[in-house]
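FYI, side chains are in, hydrogens and waters are out, and symmetry mates aren't considered; it's all heavy atoms of this structure. Throughout, protein chains are lettered first and strands after them, A, B, ... in sequence-line order, and every chain is numbered starting at 1. All figures in this text were calculated on a predicted structure; none of them were measured in a lab.
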Protein chains: 2
Amino acid sequence: MKKTILIFGSLCAVILLLFQFEQWSLFALGGSENLYVIITGTLFLILGMLISRHFYIKKETRKRQVQKSSLSDQELRVLNLMANGHSNKEIAEQLFIAETTVKSHVSKILLKLDARRRTEAIRIGRDLEII
Amino acid sequence: MKKTILIFGSLCAVILLLFQFEQWSLFALGGSENLYVIITGTLFLILGMLISRHFYIKKETRKRQVQKSSLSDQELRVLNLMANGHSNKEIAEQLFIAETTVKSHVSKILLKLDARRRTEAIRIGRDLEII
DNA sequence: ACTAAAATCCTACTTTCGTAGGATGTCAAA
DNA sequence: TTTGACATCCTACGAAAGTAGGATTTTAGT
């Protein structure tokens, strides 16, 4: 939120500066209106692109709401390995535990995240940004 | 390719029209340079946003064409539904095809992406930015 | 028109995943 | 001390997922 306000404030400042520059250029450039128009237009063009870009980037990274999920540390580790495409067996090997234990963890993850499949759990985990 | 040329041509036409409008407004608005500047700037602003937007969209669609070289349209649809956590049965229902067909598609996806599990295929798809 | 790829469907089979329902041990808070 | 969450492991079963090896029909490119 604060970041948004800062960026918006900066943009307003830039706009004001541009207007200042225009007023100055009115005297400086005198009668050559064409050049003046081109410069002003170009500046606004750049500004427009920056603003557009800003909103596009915002749109992509808008889901920043990190919900503290009820997953334990180990469950989170399992979920991450799952999301990396590992099988229960592989996860067991990497965490030095039995495959049955991994299954227990997975079942609890599905329960806690209200998912019916590991792929759904992964999607939910991504949505909650806990992966 | 032809589409690109058409879009680019259209943009050039728009720019030329804008310049035309500027020349006209020089006479029409007379001494009120401030209003003139604001209008011109705004038009360029909009143009800048449109151009920027155009390139952003292009950037996204360019990645989509990388995918087309490997995965077919339907396979891509299946992969996306998979990534959303759907089962083969659910995917079949959503695409109005048989579950066996979905299995065929999934097998080909795994082959093409060199994955051994659907979760791995999802991860690879994300890495390749085709999801 | 011919051809290659895509899309559709199938049977039969193996493997992996997920559930149900336990048991045991640790460790921290009430 | 009791309670509860966490972590570990198990058997047995059913449900998905994935493989192998077909077949047919559309669709798009040369």
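Proximity of B/Q74 to the phosphate of C/dA6: no side-chain N or O atom is located under 4.0 Å from OP1 or OP2. Side-chain N/O atoms of A/K103 include none lying less than 4.0 angstrom from OP1 or OP2 on D/dA7. Dashed line: the shortest gap from a side-chain N or O of B/R118 to OP1 or OP2 of D/dG18 is under 4.0 Å. Distances shorter than 4.0 Å separate some side-chain N or O of A/H105 from OP1 or OP2 on D/dT8. When the side-chain nitrogen and oxygen atoms of A/S87 are compared with OP1 and OP2 of C/dT16, none of them lie within a distance under 4.0 Å. Between B/N88 and the phosphate of D/dA16, there is no side-chain N or O to OP1/OP2 separation shorter than 4.0 Å.
Here C/dC10 is the nucleotide among C/dT19, D/dG18, C/dC10 with the atom lying nearest to any side-chain atom of B/A98. Of the candidate nucleotides D/dA17, D/dT8, C/dT11, C/dT11 has the atom nearest to the side chain of B/T100. Set against D/dT8, C/dC9, C/dA7, the side chain of A/T101 has D/dT8 as its closest nucleotide.
The CD atom of A/E120 sits 15 Å away from the C1' atom of C/dC17 (whole-angstrom rounding). For B/K108 and C/dA4, the NZ to C1' distance is 12 Å, given to the nearest whole Å. As a whole-Å value, the separation of B/D73 CG from C/dA6 P is 10 Å. For the pair B/L81 CG and D/dA17 C1', the interatomic distance rounds to 16 Å; values are reported in whole Å. The separation between B/R116 atom CZ and D/dA16 atom P is 24 Å, rounded to whole Å. Rounding to whole angstrom units, CE of residue B/M82 and P of D/dA16 are separated by 17 Å. What separates NZ of A/K89 from P of D/dA17 is a distance of 21 Å, to the nearest Å. In this structure, B/E90 atom CD and D/dA16 atom C1' are separated by 11 Å, rounded to whole Å.
Taking 4.0 Å as the cut-off between side-chain N and carboxylate O, A/K108 and A/E75 do not count as a salt-bridged pair.
The two residues A/E120 and A/D114 come nearest to each other via the heavy atoms OE2-O, 4.3 Å. The minimum heavy-atom distance linking B/L95 with B/R77 is given by the pair CD2-CD, 4.1 Å.
Nucleic acid contact class of A/S107 (heavy atoms, under 4.0 Å, all strands): base.
Nearer the 5' end of DNA chain C, as judged by each residue's closest nucleotide, is the contact made by B/E99, out of B/R117 and B/E99. A residue-by-residue look at B/S104 and A/S104 shows that A/S104 has its nearest nucleotide of DNA chain D further toward the 5' end.
Two different hydrophobic clusters hold A/L71 and A/L111 under the rule that ILVMFWY side chains link at heavy-atom gaps under 4.5 Å.
Partner of B/H86 under the side chain to side chain contact (heavy atoms under 4.5 Å, CB included) criterion, chosen from B/M82, B/K89, B/E90: B/E90.
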